[in-house]
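Reminder, nothing fancy here: chain letters follow the sequence lines and each chain counts from 1. Note that this is a predicted model, so its numbers are computed, not measured.
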There are 2 protein chains.
Amino acid sequence: MTTGARTRGEYAKSAERRQQIVDAAAEVFSSVGYRKGSLRDVADKVGLSQAGVLHHFPSKEHLLEAVLSWRDGQTARLMGDPLPEGVDFLRGLVRAAEYNATTPELVELHVIVSAEGTSADHPLREYFAGRYASVLGHTRQAFERAAELGQLRPGTDCASASRTLIALMDGLQVQWLLAPDGVDMAGDLRRYLQPLLTVEL
Amino acid sequence: MTTGARTRGEYAKSAERRQQIVDAAAEVFSSVGYRKGSLRDVADKVGLSQAGVLHHFPSKEHLLEAVLSWRDGQTARLMGDPLPEGVDFLRGLVRAAEYNATTPELVELHVIVSAEGTSADHPLREYFAGRYASVLGHTRQAFERAAELGQLRPGTDCASASRTLIALMDGLQVQWLLAPDGVDMAGDLRRYLQPLLTVEL
DNA sequence: GTCTATATACTGATAGAC
DNA sequence: GTCTATCAGTATATAGAC
């Protein structure tokens with residue numbers, strides 16, 4: 001009983017601590033990026049020593065992975081489970097953009113960390129490549145489903161439209177972070193999407 | 001004659017040295033960003049000591065400014081001087097995207113450094129905000145000019161279209177860096193733009 | 001104009017006490 | 001589970017010799 005046995009409460013406490021650390025790390029990586037953000041900054045935010053943080057996550061890289069999968073969970077919750085199909089999926093993306101406009105910290109996390117992730121020598125480059133491939137695949141399927149239902153303007157290139165839509169979301173985030181009052185992310189998204197569709201968004 | 005007098009050759013040599021340093025810094029900041037890129041890396045690339053680099057640029061921040069204004073010069077040369085108007089300006093942007101697809105280093109510099117620049121505490125945040133405002137202004141004017149000439153589809157929102165076009169360029173760069181073979185930046189740009197126009201791109 | 005040497009600070013990670 | 005102490009590495013910037 002000395003090693004394996006623990007009460008539910010103790011597990012819950014550790015999990016809670018881990019979540020606190022992930023939250024703090026998200027804040028730090030959001031504002032200065034993963035490369036420049038330090039474990040010390042994260043530790044200070046959560047009231048722990050730097051070694052204390054490394055007890056819960058064996059390395060800085062593991063911590064970033066935890067932050068990213070937590071964020072993916074947030075997104076999935078927002079989009080709905082199971083993922084909607086066709087035009088409903090596209091509506092979900094617009095709704096996500098609306099939600100993003102209320103959380104600059106999350107937007108900045110995405111912008112800075114995915115920019116860093118394009119580097120050939122970034123430890124999580126493969127993660128980013130895989131995640132973009134997945135998102136683009138889902139979006140293309142949504143366009144294709146809409147086409148099957150006659151809800152897509154004939155002649156639309158589904159692969160190109162999905163790249164364009166995701167690129168648009170990403171690019172608008174940069175502009176919005178630099179000038180929040182000058183950019184309506186969801187509005188611009190709708191103005192791009194609506195002319196492609198034969199139904200109301 | 002001890003302080004101010006220098007021959008043309010000496011000036012030219014110093015300017016040449018500065019340019020070498022700017023080139024090296026562009027490479028370094030491209031691959032790991034401004035925050036993580038070190039003066040030592042830059043110095044090594046150009047065969048100088050770190051102190052030697054700081055003789056030419058008083059601080060790391062001054063060096064980044066030099067890199068960015070050099071890149072702006074590159075872009076301006078590509079777009080033409082004076083800047084083209086109307087649809088020709090839009091054609092210039094597509095041509096720029098075509099050129100970008102031949103220089104991943106420059107693309108990565110833009111992606112990572114402008115992502116970093118959105119941070120509230122980045123020393124050059126104002127520079128980035130100003131530069132985006134300028135680019136968006138030029139692009140909006142191009143759409144408006146096209147509208148005057150009847151080359152723009154009636155009912156097009158010029159401000160929204162300019163934000164969308166620039167966001168699209170930025171966002172496609174991220175996807176292209178992660179999967180160069182899967183993304184045709186200039187093609188996607190044309191597929192967005194052409195339906196807005198009444199003339200051939 | 002370039003160097004070496006140095007000041008000062010911070011980095012991620014490990015070892016071991018409690 | 002958290003701490004202190006520590007390591008080896010790196011950062012920007014400055015001082016002063018040449």
J.: At under 4.0 Å between heavy atoms, what does A:Ser38 touch on the DNA or RNA strands: base, sugar-phosphate, or nothing?
T.: sugar-phosphate
J.: Between C:dT8 and D:dG9, how far is it from one P atom to the other, in whole Å?
T.: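 Per the computed distance, 22 Å lies between those P atoms.
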J.: For D:dT2, does OP1 or OP2 lie under 4.0 Å from any side-chain N or O of A:Arg17?
T.: yes
J.: Choose from C:dG1, D:dC3, C:dA13 the nucleotide whose nearest atom is closest to any side-chain atom of A:Leu48.
T.: D:dC3
J.: Please round to the nearest 0.5 Å and tell me the distance separating atom CG of A:Leu201 and atom CG of A:Leu189.
T.: 9.0 Å
J.: Between C:dG1 and B:His55, is there an OP1 or OP2 to side-chain N/O distance shorter than 4.0 Å?
T.: yes
J.: Considering heavy-atom distances to DNA chain D, does A:Val53 or A:Arg40 have its closest nucleotide positioned more toward the 5' end?
T.: A:Val53
J.: Looking at B:Ser59, does any N or O in its side chain come under 4.0 Å of the phosphate oxygens OP1/OP2 on D:dT12?
T.: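 Checking B:Ser59 against D:dT12: no side-chain N or O falls below 4.0 Å of OP1 or OP2.
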J.: Can you identify which nucleotide, out of D:dG1, C:dG1, D:dA11, has its nearest atom closest to the B:His56 side chain?
T.: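 Nearest listed nucleotide: C:dG1.
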J.: What integer distance in Å separates A:Leu64:CG from C:dG12:C1'?
T.: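 Whole-Å distance recorded here is 14 Å.
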J.: Got a sec, which residues hit ring-ring contact (aromatic ring centres under 6.0 Å, His included) with B:Phe29, two or more places apart in sequence or on another chain?
T.: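 B:Tyr34.
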J.: Using 0.5 Å steps for rounding, measure from the NE2 atom of B:His56 to the CG atom of B:Leu63.
T.: 11.5 Å
J.: By the 4.0 Å heavy-atom rule, please label A:Leu39 as base, sugar-phosphate, or nothing.
T.: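 The residue A:Leu39 makes sugar-phosphate contact but no base contact.
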J.: Determine the sole option in B:Leu152, B:Leu196, B:Thr139 for which the side chain to side chain contact (heavy atoms under 4.5 Å, CB included) test with B:Cys158 is passed.
T.: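 Only one of B:Leu152, B:Leu196, B:Thr139 forms a side chain to side chain contact (heavy atoms under 4.5 Å, CB included) with B:Cys158, namely B:Leu152.
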J.: What about B:Gln50: does its side chain form a donor-acceptor pair under 3.5 Å with the base of D:dA13?
T.: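 Donor-acceptor pair under 3.5 Å: yes.
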J.: Of all the choices, D:dC3, C:dT11, C:dA13, which nucleotide is nearest to the side chain of A:Leu54 once you look at every atom?
T.: C:dA13
J.: Roughly how many Å is it from CZ in B:Phe57 to C1' in D:dA13, rounded to a whole number?
T.: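 One finds 16 Å between C1' of D:dA13 and CZ of B:Phe57, rounded.
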J.: Kindly say if B:Ser49 contacts the phosphate of C:dC3, meaning a side-chain N or O under 4.0 Å from OP1 or OP2.
T.: yes
